[in-house]
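Down below is the structure, laid out as structure tokens.
To find a chain, count down the sequence lines: A is the first, B the second, and so on, and within it residues start at 1.
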Number of protein chains: 2
Amino acid sequence: MSATNERLLDAAENGIRLSGYHAVSFRDLADELGIKSSSVHYYYRQKEDLGVALVDRYSKRFFADVEKRAETAGTDEERLRAFCQTYRNALTGSDRICLCGMLGAETCGLPKALADRVEAFFNANIAWISDALNADMPADKRAARAAQILATLQGAMMVATSLKKHRLFDDIVGALFEKPKS
Amino acid sequence: MSATNERLLDAAENGIRLSGYHAVSFRDLADELGIKSSSVHYYYRQKEDLGVALVDRYSKRFFADVEKRAETAGTDEERLRAFCQTYRNALTGSDRICLCGMLGAETCGLPKALADRVEAFFNANIAWISDALNADMPADKRAARAAQILATLQGAMMVATSLKKHRLFDDIVGALFEKPKS
DNA sequence: TGTTACCTATCTAACGATAGATAGACACAA
DNA sequence: TTGTGTCTATCTATCGTTAGATAGGTAACA
């Protein structure tokens with residue numbers, strides 16, 4: 001992949017994570033890179049293609065990061081914390097919500113191929129978390145708990161950036177791990 | 001407020017909750033109502049004004065519904081459940097995520113006046129939930145727990161609609177109230 | 001009563017800006 | 001010479017927005 005292509009994906013990812021799919025235009029991306037918008041079409045024939053490539057790269061990087069962090073984790077809870085840390089890093093490293101969080105909200109207004117990738121990302125998230133949950137939890141409860149963790153992470157990013165209080169993300173996710181007083 | 005004005009707000013709210021602020025145009029709204037886009041400008045000079053009016057109406061209706069449901073609630077937990085029920089009804093009654101959930105994700109791409117209203121909506125949410133939380137919880141933990149509940153609700157709407165599994169919302173929110181096994 | 005003035009709600013028509021997209025030429029490197 | 005990457009130039013469609021006309025209703029006034 002060429003350097004320009006990579007810069008293109010970077011710019012598009014930033015823009016979408018900040019303001020949404022429909023708020024990002026080929027012209028803006030081209031201007032940011034110092035090229036012409038027709039050159040953007042050279043890399044991605046349609047905007048939809050750019051979106052799909054974006055989610056693919058994002059998803060690949062995301063799970064690579066999760067796996068890397070989970071490698072050194074001993075317990076189930078440590079694996080879960082590693083997962084949440086990937087989200088946290090995505091937020092605090094860029095002040096932007098998850099790419100798929102944004103696209104997930106916009107689902108109904110997206111090209112089908114793009115919406116399908118986002119759906120796949122979420123399903124993979126839930127599958128990963130389910131695996132990390134304590135095995136003595138019944139299977140159906142594991143799925144619900146996994147979905148809850150995913151929803152909390154996504155919602156926490158959205159609320160925290162919207163309120164411009166990034167610490168809120170930590171507070172929210174921290175409460176997720178709190179042991180109930182016995 | 002005239003009937004046309006009301007239909008206008010309805011159409012705009014539906015569109016934004018489905019696909020986002022930038023995906024909704026005055027022309028589309030006008031077409032849906034069977035009027036001209038210039039007539040939309042008669043009611044709202046700028047798109048920003050329409051957005052602000054939309055959040056104001058949404059917020060007013062939202063808290064009216066919450067209060068109505070909470071009226072008959074005896075315990076703190078019942079009040080909280082009433083709050084969540086308002087969200088659930090917004091989702092299942094329309095297959096759309098929260099208006100402010102969508103706008104919150106798009107915050108960085110919105111006119112400031114609009115982003116401010118969304119922020120105010122979330123702050124009011126957190127304040128309401130905090131009040132409903134058990135008073136013997138320390139104040140700072142109440143705020144974190146309130147933010148967590150809000151984030152979970154918002155995230156649950158997004159994930160559930162994105163995966164087209166609306167039952168998932170109930171599973172997620174249900175897990176929020178689950179008593180830990182002692 | 002008749003007239004004048006304003007208000008409401010809509011229209012036609014157009015503005016400049018921007019959207020996504022395409023065709024074809026050019027330069028350069030393998 | 002073939003492919004890669006970028007350009008110029010352009011297209012059609014749509015964006016938010018504005019100006020100005022029109023018709024009907026209401027209210028004040030002579």
Next item on the list: Ignoring backbone atoms, establish whether B/Q46 has a side-chain N or O less than 4.0 Å from OP1 or OP2 of D/dT17.
Entry: yes

Notebook entry, point to check: Is there a donor-acceptor contact under 3.5 Å linking the side chains of B/S25 and B/D28?
Noted result: yes

Next item on the list: Look at the side chain of A/E106 and the backbone N and O of A/G20, then say whether any donor-acceptor pair between them is shorter than 3.5 Å.
Entry: no

Check: A/H41 has a side chain; which of C/dA9, C/dA21, D/dT17 sits nearest to it?
Finding: C/dA21

Next item on the list: Verify the ring-centre separation between B/F26 and B/Y44: is it less than 6.0 angstrom?
Entry: no

Next item on the list: Let me have a per-nucleotide readout for nucleotides 23-30 of chain C, 5' to 3', with B, S or -, counting only protein heavy atoms under 4.0 Å.
Entry: B-------

Next item on the list: Round to the nearest Å and state the distance from B/Y44 atom OH to D/dT18 atom P.
Entry: 17 Å

Next item on the list: Please lay out, stage by stage, how B/R17 and B/S94 fare under the test side chain to side chain donor-acceptor pair (under 3.5 Å).
Entry: CA-CA 9 Å; B/R17 290 174 66 183; B/S94 68; 3.3 Å; yes

Checklist line | Side chain of A/Y42 (C-beta onward), nearest among D/dT18, C/dA9, D/dT4 | finding: D/dT4

Item checked: Interatomic distance where NZ belongs to A/K36 and C1' belongs to D/dC7 [whole Å] -> 8 Å

Next item on the list: Give the C-alpha distance, both sets of side-chain angles, the deciding distance and a yes or no for side chain to side chain donor-acceptor pair (under 3.5 Å) between B/N5 and B/S2.
Entry: CA-CA 5 Å; B/N5 195 342; B/S2 76; 4.9 Å; no

Item checked: salt_bridge(B/E119, A/K164) N-O dist < 4.0 Å -> yes

Notebook entry, point to check: Residues from residues 11-34 of chain B sitting under 4.0 Å of DNA chain D, heavy atoms only?
Noted result: B/V24, B/S25, B/F26, B/R27, B/D28

Margin query: Using the side-chain heavy atoms of A/I35, tell me which of these nucleotides is nearest: C/dT10, D/dC7, C/dG20.
Written below: D/dC7

Check: Between B/E48 and A/S37, who's closer to the 5' end of DNA chain D by nearest nucleotide?
Finding: A/S37

Next item on the list: Please check the phosphate of D/dT6 (OP1 and OP2 only) for any side-chain N or O of A/Y43 closer than 4.0 Å.
Entry: yes

Check: Rounded to whole angstrom units, what separation is found between the CG atom of B/L50 and the P atom of D/dC15?
Finding: 14 Å

Item checked: Residue A/R45, side-chain atoms from C-beta onward, closest of D/dT8, D/dT17, C/dT22 -> C/dT22

Notebook entry, point to check: Does a side-chain N or O from A/S39 land closer than 4.0 Å to OP1 or OP2 of D/dC7, or not?
Noted result: yes

Notebook entry, point to check: Taking atom types as modelled, is there a side-chain donor on A/N125 or A/Y87 under 3.5 Å from an acceptor on the other?
Noted result: yes

Notebook entry, point to check: What's the closest nucleotide to the B/T4 side chain, out of C/dA21, D/dT17, C/dT10?
Noted result: C/dT10

Check: Is the shortest side-chain N to carboxylate O distance from B/D171 to A/K141 below 4.0 Å?
Finding: no

Check: For D/dG16, does either OP1 or OP2 sit under 4.0 Å from a side-chain N or O belonging to B/K47?
Finding: yes

Check: How about B/F83 and B/W128: are their ring centres within less than 6.0 Å of each other?
Finding: yes

